[in-house]
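Please read the structure below before turning to the comments.
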Amino acid sequence: MTLRSQDPEIFDLIMRERARQRDDLELIASENYVSQAVMEATGTVLTNKYAEGLPGKRYYGGCEVVDVVEDLARTRALRLFPGSEGVNVQPHSGAQANAAVYLAALKAGDTLLGLDLSNGGHLTHGSSANSSGKLYRAVHYRVNERGIIDLDHVRDIARAEKPRIIVTGASAYPRLWDFAAFRTIADEVGALLLADMAHFAGLVAADLHPTPFGHCDYVTTTTHKTLRGPRGGMAFAREAHMKGLNSAVFPGLQGGPLMHVIAAKAVAFGEALDPSFRGYARSVIDNAQAMATTLVERGVTLVSGGTDNHLMLLDFSDKSYSGRDAEQALGRAGITVNKNTVPNEKRSPFVTSGVRIGTPAMTTRGLGLGEAVLVAGWIADVLDNWQDEGSLLRIRGQVHELTGRFPVPGIG
Ligand SMILES: *Cc1c(COP(=O)(O)O)cnc(C)c1O
């Protein structure tokens, strides 16, 4: 029986969400649109299969087919990131991948040094609300007054705190990471080094962002952000750490792997290995920089003044409206973003003084430099008129006219 006839309530909601994704302009920096092929692989009979363990070493029978699937995913992942030595493609999400690394590398109470959450870091980098901040002794580095990570500051904290692991990577940091410099600091204090490239993995794969491989003991990522695969995670380690990492993922944290998602990961890695992916990633960065330039010209303050990657952080600290106000006004204009804390945040995390904007999804649907400038102009118009419903509706019409001309892969 089809979903539509069996459960029209859920079917209709999925159709509504499909229309929202098609009609509105998606600028959430952590989101993307997967290809039809990735979507297809996700919705297959592989969801029926239990495959605890690793290829060739399973706890269930009937794994001969899914073994090949997982091996392909691993081989492609290693090929996609030159310098990588081993990978586990089973983590259900980026958060699970990080938890697995910590479980493998740390003992309860060990010190973890990561970027502060309100400065762009992620919950799993030692927030007190997350297991990483409850099981381990988390300390944090911050960005400087220009919004940039100052390596002297990181070195000072590392010397004082003697972390067991230093975590690099972030969720809202618009600049590049210097993994070689972090390696030097980690070596000086005897720390392990983790790169959480959840946000910029696609840019690393395209060779448009410094690679953490060769510098880091562990590298984790999501597969659904700039990498444009299914929702999920994966974790890489140096050969010597792989055994510990594998047993941290299973049986340490997870049960059976999601084989349908692992198949979709393999498909996405295949797409990222295609030379055309580099053009996509280049365009993601070009679009972000064009938007940043236009926003600055229109008087919007950006944390660190611009971007080197796929995202930017708009700072409303000196404005009468908050991040929440801006998110809501942009939403009424058909532009989807998320409110975000900014460095030295004075409002609550539910209100915030910033908005994070990213170009991975809009670039996937084919928007280029001309459209990026246009969209940035609309964002500035919305901010200038955030309480004027008439202006917001007028912009909404223009947004929908634009998205109507750029079909989403797999949706049309
Ligand atoms: C998105 C993100 C994660 C978590 O990914 P989930 O799949 O949502 O668990 C981890 N680290 C960073 C830096 C992220 O941006």
Side-chain angles (χ1 to χ4, degrees), residues 30 51-54 59 70 73-74 77 81 84-118 120-141 161 163-173 177 182 186 191-201 212-213 216-225 227 229-238 240-259 261-262 265:
S30 50
E52 282 177 351
L54 289 167
Y59 292 84
E70 185 165 347
R74 294 196 297 192
F81 296 102
S84 60
E85 296 180 16
V87 65
N88 187 304
V89 296
Q90 295 186 0
H92 301 328
S93 73
Q96 296 285 87
N98 286 344
V101 168
Y102 302 150
L103 187 63
L106 307 179
K107 286 195 285 298
D110 276 358
T111 301
L112 175 163
L113 173 61
L115 179 61
D116 182 79
L117 180 64
S118 70
H122 190 261
L123 283 161
T124 57
H125 298 183
S127 158
S128 59
N130 181 261
S131 63
S132 59
K134 294 182 196 288
L135 302 178
Y136 313 109
R137 180 181 161 265
V139 291
H140 291 102
Y141 53 94
E161 302 286 355
R164 176 74 185 123
I165 195 166
I166 300 178
V167 184
T168 60
S171 299
Y173 186 62
W177 289 83
F182 270 92
L192 292 162
L193 187 61
L194 161 66
D196 177 355
M197 60 173 185
H199 259 267
F200 49 82
F213 294 98
C216 296
D217 303 284
Y218 296 93
V219 177
T220 54
T221 186
T222 59
T223 46
H224 50 272
K225 296 179 183 173
L227 202 47
R231 184 159 301 281
M234 66 176 155
F236 298 83
R238 292 222 159 112
H241 298 311
M242 268 320 288
K243 203 162 177 289
L245 177 63
N246 284 334
S247 47
V249 173
F250 169 84
L253 282 173
Q254 298 187 170
L258 312 177
M259 291 314 303
V261 177
I262 289 174
K265 287 174 183 170

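Note that the coordinates shown come from a computational prediction; the quantities given were computed from them, not determined experimentally.
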Does any pair with a residue in residues 125-140 pass salt bridge (Lys or Arg N to Asp or Glu O under 4.0 Å), and if so which ones, sequence neighbours excluded?
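Listed by first then second residue: R137-E161.
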Between the main-chain N or O of [Y] and the side-chain N or O of [X], is there a donor-acceptor pair closer than 3.5 Å?
X    : Y    : answer
H140 : H125 : yes
Q90  : G53  : yes
T111 : P163 : no

State, to 0.1 Å, how close [X] and [Y] come at their nearest heavy-atom pair, and which atoms those are.
X    : Y    : answer
H224 : G232 : ND1-N, 3.1 Å
A104 : Y218 : CB-OH, 4.4 Å
A248 : A100 : CB-O, 3.3 Å
A186 : L193 : CB-CB, 4.3 Å
F182 : I166 : CD2-CG2, 3.9 Å
G255 : F250 : O-CD1, 3.6 Å

Can you tell me how far [atom2] of [Y] sits from [atom1] of [X], rounded to the nearest 0.5 angstrom?
X    : Y    : atom1 : atom2 : result
M197 : F81  : CE    : CZ    : 3.5 Å
S127 : D116 : OG    : CG    : 9.5 Å
L103 : S247 : CG    : OG    : 8.0 Å
L192 : L106 : CG    : CG    : 7.5 Å
E85  : R238 : CD    : CZ    : 6.0 Å
I165 : L113 : CD1   : CG    : 10.5 Å

Could you tell me if the side chain of [Y] sits less than 4.5 Å from the side chain of [X], heavy atoms only?
X    : Y    : result
S93  : R231 : no
Y141 : L115 : yes
K265 : P230 : yes
L227 : T222 : no

side-chain contact (heavy atoms from CB on, under 4.5 Å) assessment of L54 paired with E70:
CA-CA 8 Å; L54 289 167; E70 185 165 347; 3.9 Å; yes
Suppose the criterion is side chain to side chain donor-acceptor pair (under 3.5 Å): which pairs have a residue in residues 96-110, not counting sequence neighbours?
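Pairs touching residues 96-110 that pass the test: Q96-Q254, N98-T124, N98-D196, N98-T220.
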Among L258, V249, L253, which residue meets the side-chain contact (heavy atoms from CB on, under 4.5 Å) test with P91?
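So the option named by the test is V249.
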Among N88, V89, V219, which one satisfies side-chain contact (heavy atoms from CB on, under 4.5 Å) with F236?
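The option that passes is V219.
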Would V101 and L245 count as a side-chain contact (heavy atoms from CB on, under 4.5 Å) here? Give the steps.
CA-CA 6 Å; V101 168; L245 177 63; 4.0 Å; yes
